[in-house]
Number of protein chains: 2
Amino acid sequence: MPVKTNAVRSSAAVEDYLERILELINTKGYARVVDIATSLGISQASVTNMVQRLDGEGLLNYEKYRGLVLTTAGETLARNIARRHQLLTDFLKLLGVDERVIEHDVEGMEHHISPSTLRAIEGLTAQLKRRPALLARLN
Amino acid sequence: MPVKTNAVRSSAAVEDYLERILELINTKGYARVVDIATSLGISQASVTNMVQRLDGEGLLNYEKYRGLVLTTAGETLARNIARRHQLLTDFLKLLGVDERVIEHDVEGMEHHISPSTLRAIEGLTAQLKRRPALLARLN
DNA sequence: TAAAGAAGTTAGCCATGCCTAACTTGGATT
DNA sequence: AATCCAAGTTAGGCATGGCTAACTTCTTTA
């Protein structure tokens, strides 16, 4: 019987958490509450709350006081979010937008980009990488 | 003495309201609470609340039971928001994204695009309009 | 191994922005 | 002019996702 990947509908906040958790796991090997909190610039209490919720939604396995790991569903979702973030960042970099602004804008808009829009931007980015002339003096 | 245009920091919700109000004024000549509510798909009560808040912030003049008009500050802001919306829509149209998706994505991301990013996208859109070959089969 | 400090949790609170229900106002109809 | 109904308002509530303060657990170290 095929596994149903019950499309998890995630809020912007949930996406931010998953993105950071994956990033922490990739760089440090684990993601503690305190690290997630620091990384997102919020309180540990808020992280504990959200982590319990994400456990309830099956996106990660959480054991009180002990830590957490992403489930398969959570990791898949997190990877997609990270990929979207990277593609948008690449695109804006190509346009010569300032790094700080890129960070800000991508963090805000990434949660609202549909797969098809993302594909279009991805394709465009690939084209533009071959024709840098187009990009001269956009700003 | 020069007028200080106290940069109004507007939330996504505020921007949505201003955008619709300007649109209604442009098409119908006025913006009633009931029209704003229908247009945004929310209750009249919510609109009344927000309109009172926007009055307090100097973005519009509101007279109980009588109606509202945008102040200069409000209209300027609304025009900027509308322009940003239009530019993003044009850009995604050029990429061949489906109309429905464009609406959805633009409505979500428009609130998070900085002026410099917008300028870059505007410039790129202009370039792309001259080189349609680049746009073949992006999706 | 005891205790101190770091990490984690809980409880209770707040702002934003939406809702419904009930009430008020004003304009159109008779 | 009285009435009716659409439009508008108010009151009170809810969900999300933050916060602080106080408490518990874990880990490290003297």
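Order of the sequence lines fixes the chain letters, A, B, ..., with proteins taken first and strands second; residue numbering starts at 1 for each chain. Everything numeric here is computed off the predicted structure, so don't read it as measured data.
- Applying the salt bridge (Lys or Arg N to Asp or Glu O under 4.0 Å) test to B/Glu15 and every residue at least two apart in sequence or in another chain returns B/Arg84.
- Around NE2 of B/His104, the count of heavy atoms belonging to other residues, nucleotides or ligands within 6.0 Å does not exceed 12.
- Within the structure, every pair that satisfies the salt bridge (Lys or Arg N to Asp or Glu O under 4.0 Å) test and touches residues 73-82 of chain B, not counting sequence neighbours, is listed here: B/Glu75-B/Arg79.
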Taking only distance into account, with no hydrogens and no angle test, what donor-acceptor pairs under 3.5 Å do side-chain atoms of residues 96-103 of chain A form with protein atoms, sequence neighbours excluded?
unit_1: A/Asp98; atom_1: OD2; unit_2: A/Arg100; atom_2: N; d: 3.0

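- Counted by atom type alone, B/Thr117 and A/Asp105 present one or more donor-acceptor pairs between their side chains at under 3.5 Å.
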Requested in this report: Summarise how protein sits on nucleotides 4-20 of chain C as a single string, 5' to 3': B when a protein heavy atom is under 4.0 Å from the base, S for sugar-phosphate-only contact, - for no contact.
Outcome: ---SBBB------SSBB
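- Between the CD atom of A/Glu57 and the C1' atom of D/dA15 there is a distance of 13 Å, rounded to whole Å.
- Listed by chain and residue number, B/His111 satisfy the side chain to side chain donor-acceptor pair (under 3.5 Å) test with B/Asp16 (two or more places apart in sequence, or in another chain).
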Which pairs, protein N/O on one side and nucleotides 1-4 of chain D N/O on the other, fall under 3.5 Å?
none

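- What separates NE2 of A/His111 from C1' of D/dT16 is a distance of 14 Å, to the nearest Å.
- Put simply, the side chain of A/Ile81 does not reach to within 4.5 Å of the side chain of A/Leu22, judged on heavy atoms.
- Environment of NE2 in B/His112: crowded, with over 12 heavy atoms of neighbouring residues, nucleotides or ligands closer than 6.0 Å.
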